[in-house]
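Notes follow the structure.
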Amino acid sequence: MANEIANNFQEIISHCKEYGYIFQSSELYDGLSAVYDYGQMGAQLKKNLRDEWWKSMTQLNDNIVGIDAAIFMHPTVWKASGHVDNFSDPMIDNKDSNKRYRVDHLIEAHAETLEKAAADALLAEMDQLLAKDDYAGLKKLIEDNKIKCAISKTSNWTDVRQFNLMFSTEFGAVAAENEGDNIVYLRPETAQGIFVNFLNVQKTGRMKIPFGIAQTGKAFRNEIVARQFIFRMREFEQMEMQFFVRPGTQMEWYNYWKETRKKWHESIGIPAERLRFHDHIKLAHYADAALDIEFEFPFGWKELEGIHSRTDFDLSQHAKYSKKKIQYFDNDLNEEGKPYGNYIPYVVETSVGLDRLFLTVISLAYAEEKWTKEDGTEDSRVVLRIPAKIAPTKLAILPLLKKDGLPEIARELMDQCKPHFHCFYEEKDAIGKRYRRMDAIGTPFCVTIDHQTKEDNTVTIRYRDTMTQERIPISAVKNLVQEKING
RNA sequence: GCGGAAGUAGCUCAUUUGGUAGAGCGAUAGCCUUCCAAGCUAUAGGUGGCCGGUUCGAGCCCGGUCUUCCGCUCCA
C-alpha cells in the first residue's frame, strides 16, 4: 500500500511537469534543490487558490483587511521575533548516532567532567574560537579532547557548521564600513509584516477589536532538509491572517478559527475525511495553544495549515525593541460598565502554505481511469478532477471540424466568453483526443460546435467528471458555465 | 545530515560480457474525419544529468559532483 501511494506520487509529479503545472527551478542547469517554478497551468491554479482565500478573508469578513508587506524588513524585526537568536549557533553532528549538538553545549558538558583548571582552559579556548567563528578550530578542539557522543559513545563527527535558517543579502549598493552592517534577511515568515503594521492598519482603517489583517506572500527558509516535491521548499508562499482579540478571549477565537478554516478547506473540495486536527503538545515560545490542520498527502498526514494562539508575544516584543507603545484602547464596556481600556491585543494566527494547498488540490484531483466501452474494447484516461471553481481553464471551445464555417462560430463564442472566465480554443486533432487533453489539464467543460449548430444554434457541452454531454443553445453557454463555476 | 534507490527524447522505457543510441506514446505541419486518445504522410527532438579517470574505444567500469524519490532525523 505504501508503495502504491508512493508510485502515485511519482505519477503526480510527472503529470505536473508534463502538462505545465510545475517545473523544477533552473532545470536547464540541473536544477536548484527544493526550488520550483509554476508553469502556465500551475500559475493560474495557484492564483485561483490565492484569490479564493483572499476573498474568503477580506471580502466575506467586514472586520478583516488585507495588506502586502515587503519581503525586506529591518534586521531588528528578526531580533524581536526571536528568529536571529534561535538559529545562530554552530552545530555538529555525530555520524554514528545522527545526533546533532550545539557545539558550545557539547564542549561545556565535557568541561563539567574535568578538573577546574583544565575545564577553565578548555572553555577559554572555546570562547576564543567561537568569537572568531573558527569552525575548523572548534572541531579540532572537540577531537583533541576526545569528546564523545553521549549516545553512540564515538568521536565520529561531521564538520562544525552554522545553520542559518534565514537567507541574508546585502542592502544598498555601497559596501558597509563594517562587515555585516548592511545585512538584511529575506523574511522567513510573513507574519511579522503584519505585526509591525498593526498600528498603521488599526488607526488608518479605524479597526475595532476583534479584527484581522490578512496577507499572502513569499517567505524564505534555508531548510536543512527540504524535500517531497513542493511540500517543503526553500522559497514558498504563505497565506496568513492575524486576528487581534481582547486578552482572555483568545481561546474562543482560536476555536472559532480552527473550525472556520477547516470548513473553508472543505468548501474548495477537500473531503472532510482527508483532513484532521493535530494539537501541538510542545508549544513554541510565543504560543499558548497551537494546532495543525493536516491533510492526508500521498506520503502521509502532514501539516497544511497552522492555527496558533500567539498571545501578545509579537506585539510586546516589537514594543520593546522599537521602544514605542503598541496598544489598543478598547471602548467597549466590561461587566462593571467601564471601558476595557488600554491593552496589548492577543493574536490568533491562521497560516496556510499556498504551495501545500496546491499539492493537496492536485493530489485529490489526479486520477487514472479505465473502463470497457460498448464495443468491448478498453479505454482509459488521466484526468485532473479540479473543482470548477478553482480550475485554471474553465471552458474549452472546440469546432468539430476546422472547416465549413465551424471555427468562425467557435471564435465568436470564444469572444463572448473570455471576458468572464478563462477559455481555451482548439481545432486540431480528433474530438476525442481533444477531450483527453482537456481532461489531463483539468478543464471542467468542453463545448463542441458541429454542423447542427449552423442550423439550430445549439452546441454540445461535455462534462469532464461524468464524460456525459448534452445539447444546449449556444446563447446559454456563458451563463451555464458561469453558474457552474460559482456554484 | 545519515542510509538506500535512481537519472538515456516532453512522458514511459529499451540498448544481454565496453564497439560511435532505439521504440511506443506525445509534439509539430498537412491530409482524412459528424462527438471520447488507436487512419495516412512528413518533420522535429538526445554532446546518455554534469566533470574527471581507466581504455584503441565508455550510456555501460571507477571517482567526484548536481538533482530527485524512499526511510530515519530536523522543522523557531
Side-chain angles (χ1 to χ4, degrees), chain A residues 2-3 5-7 9-11 13-20 23-36 78 81-88 91-100 152 156-159 161 163 165-166 188-189 191 221-229 231-232 282-287 290 292 298-300 302-303 306 308 313 369 371 373-374 377-383 398-404 406 428-440 446-454 459-464 467-471:
Chain A
N3 245 339
I5 288 172
N7 290 342
F9 188 42
Q10 285 298 339
E11 282 151 19
I13 294 169
S14 294
H15 193 86
C16 281
K17 184 189 174 188
E18 192 167 0
Y19 290 94
F23 309 121
Q24 191 175 12
S25 164
S26 316
E27 195 191 10
L28 198 57
Y29 295 97
D30 289 336
L32 190 60
S33 180
V35 186
Y36 290 88
W78 307 112
S81 69
H83 285 81
V84 172
D85 283 345
N86 284 329
F87 288 95
S88 58
M91 313 282 274
I92 192 166
D93 293 4
N94 183 273
K95 289 181 185 171
D96 297 316
S97 65
N98 289 331
K99 177 81 183 152
R100 178 167 298 148
S152 65
N156 189 11
W157 298 107
T158 63
D159 287 338
R161 290 160 302 192
F163 288 84
L165 266 72
M166 286 194 290
E189 63 176 27
R221 295 183 195 179
N222 239 327
E223 299 284 354
I224 297 167
V225 179
R227 252 202 264 136
Q228 282 161 325
F229 196 38
F231 182 79
R232 181 168 284 116
K282 207 176 84 186
L283 294 172
H285 59 275
Y286 54 71
D292 295 337
F299 42 84
K302 300 276 182 187
E303 178 186 0
H308 297 165
F313 176 83
E369 298 177 348
W371 65 92
K373 289 195 285 192
E374 279 176 18
T377 57
E378 297 293 309
D379 207 349
S380 68
R381 65 169 181 168
V382 174
V383 56
L398 317 167
L400 189 58
L401 300 178
K402 55 178 161 185
K403 59 180 182 186
D404 302 338
L406 302 185
K428 189 171 158 40
D429 291 321
I431 192 68
K433 183 175 269 189
R434 282 180 270 169
Y435 285 156
R436 287 297 186 283
R437 275 201 286 254
M438 290 302 103
D439 287 342
C446 294
V447 158
T448 303
I449 287 85
D450 60 15
H451 290 92
Q452 197 186 325
T453 309
K454 294 206 290 185
V459 294
T460 306
I461 184 162
R462 180 260 193 190
Y463 299 101
R464 177 197 65 200
M467 297 178 73
T468 54
Q469 45 193 39
E470 57 184 331
R471 197 97 204 163

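Chain letters run A, B, ... following the sequence lines, proteins first, then strands; residues in each count from 1. What you see is a predicted model, and the numbers here were worked out from it, not measured in a lab.
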Under the ring pair (Phe, Tyr, Trp, His ring centres under 6.0 Å) rule, collect the residues that match up with A/Tyr19, sequence neighbours excluded.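 Applying ring pair (Phe, Tyr, Trp, His ring centres under 6.0 Å) to A/Tyr19 gives A/His15.
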Once ring pair (Phe, Tyr, Trp, His ring centres under 6.0 Å) is applied, do any residues pair with A/Phe23, and if so which ones, sequence neighbours excluded?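 Checked A/Phe23 against ring pair (Phe, Tyr, Trp, His ring centres under 6.0 Å); zero matches.
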Measure from the side-chain heavy atoms of [X] and tell me the nearest of [options].
| X | options | result |
| --- | --- | --- |
| A/Leu401 | B/rC11, B/rU34, B/rC35 | B/rU34 |
| A/Leu400 | B/rU34, B/rC66, B/rC69 | B/rU34 |
| A/Lys403 | B/rU33, B/rC35, B/rC70 | B/rU33 |
| A/Asp379 | B/rC66, B/rA38, B/rC69 | B/rA38 |
| A/Ile431 | B/rA37, B/rC69, B/rC35 | B/rC35 |

[atom1] of [X] to [atom2] of [Y]: how many Å apart, nearest 0.5 Å?
| X | Y | atom1 | atom2 | result |
| --- | --- | --- | --- | --- |
| A/Arg436 | A/Arg381 | CZ | CZ | 7.0 Å |
| A/Leu400 | A/Gln452 | CG | CD | 11.5 Å |
| A/Leu398 | A/Ile449 | CG | CD1 | 7.0 Å |

Same-atom distance ([atom1]) from [N] to [M], integer angstrom:
| N | M | atom1 | answer |
| --- | --- | --- | --- |
| B/rA29 | B/rU67 | P | 37 Å |
| B/rC66 | B/rU12 | P | 24 Å |
| B/rG10 | B/rG4 | P | 31 Å |
| B/rG45 | B/rG22 | P | 15 Å |
| B/rC50 | B/rU55 | P | 23 Å |
| B/rG57 | B/rG18 | C1' | 8 Å |
| B/rC31 | B/rU47 | P | 33 Å |
| B/rC25 | B/rU20 | P | 27 Å |

Can a donor-acceptor pair under 3.5 Å be found between the side-chain atoms of [X] and the base atoms of [N]?
| X | N | answer |
| --- | --- | --- |
| A/Gln228 | B/rC69 | no |
| A/Ser14 | B/rC11 | no |
| A/Arg232 | B/rC75 | yes |
| A/Asp450 | B/rC35 | yes |
| A/Arg221 | B/rC75 | no |

Apply side chain to side chain contact (heavy atoms under 4.5 Å, CB included) to A/Tyr435 and A/Met467, showing your working. CA-CA 9 Å; A/Tyr435 285 156; A/Met467 297 178 73; over 6 Å; no
B/rU34, OP1 or OP2 - any side-chain N/O from A/Gln452 closer than 4.0 Å?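 No, outside the criterion.
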Within less than 4.0 Å of OP1 or OP2 of B/rC66, is there a side-chain N or O belonging to A/Ser33?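 No, A/Ser33 has no side-chain N/O under 4.0 Å of OP1/OP2 on B/rC66.
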Who passes side-chain hydrogen bond (donor to acceptor under 3.5 Å, both in side chains) against A/Lys302, sequence neighbours left out?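 Per chain and number, A/Lys302 pairs via side-chain hydrogen bond (donor to acceptor under 3.5 Å, both in side chains) with no residue.
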Atom [atom1] of [X] to atom [atom2] of [N]: distance rounded to whole Å?
| X | N | atom1 | atom2 | answer |
| --- | --- | --- | --- | --- |
| A/Asn222 | B/rG1 | CG | C1' | 14 Å |
| A/Arg434 | B/rU33 | CZ | P | 15 Å |
| A/Phe229 | B/rU67 | CZ | C1' | 14 Å |
| A/Phe231 | B/rC74 | CZ | P | 16 Å |
| A/Tyr435 | B/rA37 | OH | P | 11 Å |
| A/Leu32 | B/rC50 | CG | C1' | 15 Å |
| A/Asp30 | B/rU65 | CG | C1' | 10 Å |
| A/Leu28 | B/rU47 | CG | P | 11 Å |

Could you spell out the base pairing of RNA chain B in dot-bracket, with Watson-Crick or G-U pairs whose two distances are under 3.5 Å, [ ] crossing and | to another strand? (((((((..((((.....[..)))).(((((.......))))).....(((((..]....))))))))))))....
Is A/Arg434 reaching over with its side chain to a backbone N or O of A/Asp429, donor-acceptor style, under 3.5 angstrom?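 Such a contact is found between A/Arg434 side chain and A/Asp429 backbone.
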Heavy atoms under 4.0 Å, any strand shown: does [X] hit a base, just sugar-phosphate, or nothing?
| X | value |
| --- | --- |
| A/Ala34 | sugar-phosphate |
| A/Tyr29 | nothing |
| A/Lys454 | nothing |
| A/Gln24 | sugar-phosphate |

Shortest non-hydrogen contact from A/Pro188 to A/Met166?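 Taking every non-hydrogen atom into account, CG-SD, 3.7 Å.
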Relative to the 5' end of RNA chain B, which residue comes earlier, A/Lys373 or A/Tyr36, by the nucleotide with the nearest heavy atom?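 Taking each residue's closest nucleotide, the earlier one in sequence belongs to A/Lys373.
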Let me know, please, whether A/Ile449 or A/Lys17 comes out on the 5' side of the other along RNA chain B by nearest nucleotide.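 That would be A/Lys17.
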Evaluate the side-chain proximity of A/Tyr36 to A/Lys17: yes if any heavy-atom separation is below 4.5 Å, no if none is.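 SC-SC contact between A/Lys17 and A/Tyr36 ruled out.
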For A/Asp450, salt bridge (charged side-chain N to carboxylate O under 4.0 Å, His left out) partners two or more places apart: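 Once residues adjacent in sequence are excluded, the partners of A/Asp450 under the salt bridge (charged side-chain N to carboxylate O under 4.0 Å, His left out) criterion are A/Arg471.
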For nucleotides 23-31 of chain B, give me one character per nucleotide, 5' to 3': B if any protein heavy atom sits under 4.0 Å from the base, S if the only such contacts are to the sugar-phosphate, - if neither. ---SSSS--
Quick test of your reading of the model: are A/Asp404 and A/Lys454 salt-bridged, counting only N-O distances below 4.0 Å?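 No, A/Asp404 and A/Lys454 are not salt-bridged.
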